[in-house]
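Just so it is clear, the model here is predicted, and its values are computed rather than measured. Naming convention: chains lettered A, B, ... in sequence-line order (proteins, then strands); numbering from 1 in each chain.
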Number of protein chains: 2
Amino acid sequence: MYKICLPKNLMYICLMYTSELIKGTLKTIILNLLKERGKMYGYEITQTVKEMTDGKIKITEGALYPTLHSLEKNGDIGFEKEYIGKRVRKYYTLTEQGQKTVLVKVNEFADFIETMKYLLDIQQKPSNA
Amino acid sequence: MYKICLPKNLMYICLMYTSELIKGTLKTIILNLLKERGKMYGYEITQTVKEMTDGKIKITEGALYPTLHSLEKNGDIGFEKEYIGKRVRKYYTLTEQGQKTVLVKVNEFADFIETMKYLLDIQQKPSNA
DNA sequence: ATTTTATACCTAAGAAACTTATGTATAAAA
DNA sequence: TTTTATACATAAGTTTCTTAGGTATAAAAT
């Protein structure tokens with residue numbers, strides 16, 4: 001696992017984040033993806049997040065599947081099986097409860113970001129023009 | 001423990017964050033405070049963070065002290081005991097290594113924020129004029 | 001043709017970082 | 001004199017990951 005991360009004149013360069021940071025945001029990420037894309041299956045979620053973050057966030061399957069099962073047991077998501085040839089996919093969608101949960105969770109994280117930026121005195125990232 | 005957190009027309013209202021979010025940022029918070037304030041003792045850190053975040057982030061002592069011991073064992077911080085009457089305070093300061101660590105950690109968190117904002121499609125918070 | 005890689009699901013042991021509870025002791029306030 | 005605030009600490013338990021393993025199908029590479 002690569003964890004090289006050095007500050008270079010205020011340029012943000014990270015290959016991958018330490019797992020402590022990602023820890024706690026997994027449910028929020030999953031719920032938000034389902035909100036934006038309607039339905040997704042587990043493997044698709046890991047690939048999408050990896051692509052969207054340029055490999056900075058990699059969701060392991062050992063973390064993903066137990067979380068999906070937890071969200072389903074909790075009533076935030078449901079699923080339908082779909083067969084692609086002989087291979088099965090479990091397509092997950094948000095329940096009505098999940099649609100509320102995702103708003104709360106994303107909102108909470110947005111607030112958390114603002115608080116942390118103040119606490120750590122983090123300035124706005126200048127857009128790379 | 002209060003965990004009421006509801007979205008109200010894009011206004012961020014949170015009484016306290018779920019512990020999962022704060023998890024993973026504790027070392028960064030402590031190191032950055034020591035960087036900005038020179039030296040601090042444990043209890044002072046908990047109070048300062050509580051005040052700076054309007055009670056949104058409360059560092060418990062069960063989390064704080066083991067973390068301080070871990071940072072010290074790791075060589076990022078050192079301490080000097082100071083007696084206020086008969087009561088002892090352990091004033092912590094950054095070591096040279098710690099001064100590098102804090103830059104890396106704050107930088108990593110800043111990068112993480114940007115990635116998560118993109119991933120969760122979070123817009124800039126409008127300043128409450 | 002066969003081996004490797006990608007897809008797609010899953011669980012279980014162990015580690016990390018917390019919470020909750022508890023303990024000790026001094027100083028200030030009610 | 002009791003309660004609250006200050007100031008340190010540890011330990012059991014919980015959550016949420018990582019790491020490692022397992023099963024099986026489909027596509028790509030050798």
Side-chain angles (χ1 to χ4, degrees), chain A residues 1-3 16-31 39-51 55 57-74 76-77 79-92 105 109 112, chain B residues 1-3 16-31 39-51 55 57-74 76-77 79-92 105 109 112:
Chain A
M1 196 225 293
Y2 305 96
K3 242 179 56 183
M16 208 195 310
Y17 305 122
T18 56
S19 56
E20 307 98 73
L21 281 185
I22 300 165
K23 194 175 285 192
T25 61
L26 184 52
K27 283 185 182 174
T28 308
I29 291 170
I30 292 172
L31 290 174
K39 68 171 193 176
M40 293 183 87
Y41 57 99
Y43 187 79
E44 188 184 14
I45 292 173
T46 65
Q47 300 306 307
T48 301
V49 169
K50 194 167 71 179
E51 284 167 22
I57 296 180
K58 286 180 186 168
I59 300 176
T60 62
E61 298 190 325
L64 176 75
Y65 291 112
T67 301
L68 285 173
H69 300 160
S70 163
L71 285 169
E72 196 235 329
K73 194 180 172 186
N74 196 248
D76 284 315
I77 62 177
F79 69 88
E80 273 181 14
K81 287 190 177 180
E82 196 166 303
Y83 283 86
I84 311 296
K86 284 183 183 176
R87 210 154 49 182
V88 69
R89 283 180 186 167
K90 286 174 78 176
Y91 273 100
Y92 288 92
K105 284 209 162 280
F109 190 75
F112 177 66
Chain B
M1 195 225 294
Y2 303 96
K3 243 180 55 185
M16 207 196 309
Y17 305 122
T18 57
S19 56
E20 307 101 71
L21 282 184
I22 300 165
K23 194 175 288 192
T25 62
L26 185 50
K27 284 186 180 173
T28 308
I29 291 171
I30 292 172
L31 291 173
K39 69 171 191 176
M40 293 183 88
Y41 56 98
Y43 188 79
E44 187 185 14
I45 292 173
T46 64
Q47 300 306 306
T48 302
V49 170
K50 194 168 70 179
E51 284 166 23
I57 296 180
K58 286 178 186 169
I59 301 177
T60 62
E61 299 189 321
L64 176 75
Y65 292 113
T67 301
L68 285 172
H69 301 159
S70 163
L71 285 169
E72 195 234 329
K73 194 180 172 188
N74 197 248
D76 285 315
I77 62 178
F79 69 88
E80 275 182 10
K81 284 190 179 180
E82 196 166 303
Y83 283 85
I84 311 297
K86 285 183 180 176
R87 209 153 50 180
V88 70
R89 282 180 187 168
K90 287 174 77 175
Y91 273 99
Y92 288 93
K105 282 206 163 282
F109 190 75
F112 177 66

TODO: Write down the distance between NZ (A/K50) and C1' (C/dA6), rounded to a whole number of angstrom.
DONE: 10 Å
Task: Sequence-distant partners of B/E72, salt bridge (charged side-chain N to carboxylate O under 4.0 Å, His left out), two or more places apart - done: none
Open item on the list: When you measure from the side-chain N and O atoms of A/K81 to the phosphate of C/dC9, is any distance below 4.0 Å, counting only OP1 and OP2?
Closed with: no
Task: Listed nucleotide nearest any side-chain atom of B/Y43, set C/dT7, C/dC18, D/dA5 - done: D/dA5
TODO: Check whether any side-chain nitrogen or oxygen of B/Y65 sits under 4.0 Å from OP1 or OP2 of D/dC8, and answer yes or no.
DONE: yes
TODO: Tell me whether the OP1 or OP2 atom of C/dA8 has a side-chain N or O from A/K86 closer than 4.0 Å.
DONE: no
TODO: Might you point out which heavy atoms bring A/K27 and A/S70 nearest each other, and give the distance in Å?
DONE: NZ-OG, 3.5 Å
TODO: Look through every strand shown and name the nucleotide pairing with D/dA12 as Watson-Crick or G-U wobble, where both distances are under 3.5 Å.
DONE: C/dT19
Task: Nearest-Å distance for atom pair CG/C1', residues A/L26 and D/dT18 - done: 13 Å
- [ ] Specify the separation, in whole Å, of atom CD of A/E82 and atom P of C/dT7.
- [x] 17 Å
Open item on the list: Without decimals, in angstroms, what is the distance between B/F79 CZ and D/dA7 P?
Closed with: 17 Å
- [ ] Locate the shortest heavy-atom distance separating A/I59 from A/T46; write the atom from each residue and the value.
- [x] O-CG2, 3.6 Å
Task: G-U wobble or Watson-Crick pairing nucleotide for C/dA30 (cut-off 3.5 Å, both distances) - done: D/dT1
Open item on the list: What is the distance, to the nearest angstrom, from the CD atom on A/Q47 to the P atom on C/dC9?
Closed with: 11 Å
Task: Residue among B/Y41, B/Y83, B/Y43 satisfying ring pair (Phe, Tyr, Trp, His ring centres under 6.0 Å) with B/Y91 - done: B/Y41
TODO: Output yes when at least one side-chain N/O atom of A/H69 is less than 4.0 Å from OP1 or OP2 of C/dC9, else no.
DONE: no
Task: Toward the 5' end of DNA chain C, by each residue's nearest nucleotide, A/G62 or A/I84 - done: A/I84
Task: Shortest non-hydrogen separation from B/L68 to B/I77 and the atoms involved - done: O-CD1, 3.6 Å
Open item on the list: So B/E61, base contact, sugar-phosphate only, or nothing? Heavy-atom distance under 4.0 Å.
Closed with: base
Open item on the list: How many whole angstroms separate atom CD1 of A/I59 from atom C1' of D/dT18?
Closed with: 14 Å
TODO: Rounded off to whole Å, could you give me the CG-to-C1' distance for the B/L64 and C/dT20 pair?
DONE: 16 Å
Open item on the list: Measuring to OP1 and OP2 of C/dT7, would you say a side-chain N or O of A/R87 lies under 4.0 angstrom away?
Closed with: no
Task: Nearest-angstrom distance from the residue atom NZ of A/K90 to P of D/dA24 - done: 17 Å
- [ ] Would you tell me if any nitrogen or oxygen in the side chain of A/Y41 comes within less than 4.0 Å of OP1 or OP2 on C/dA8?
- [x] yes
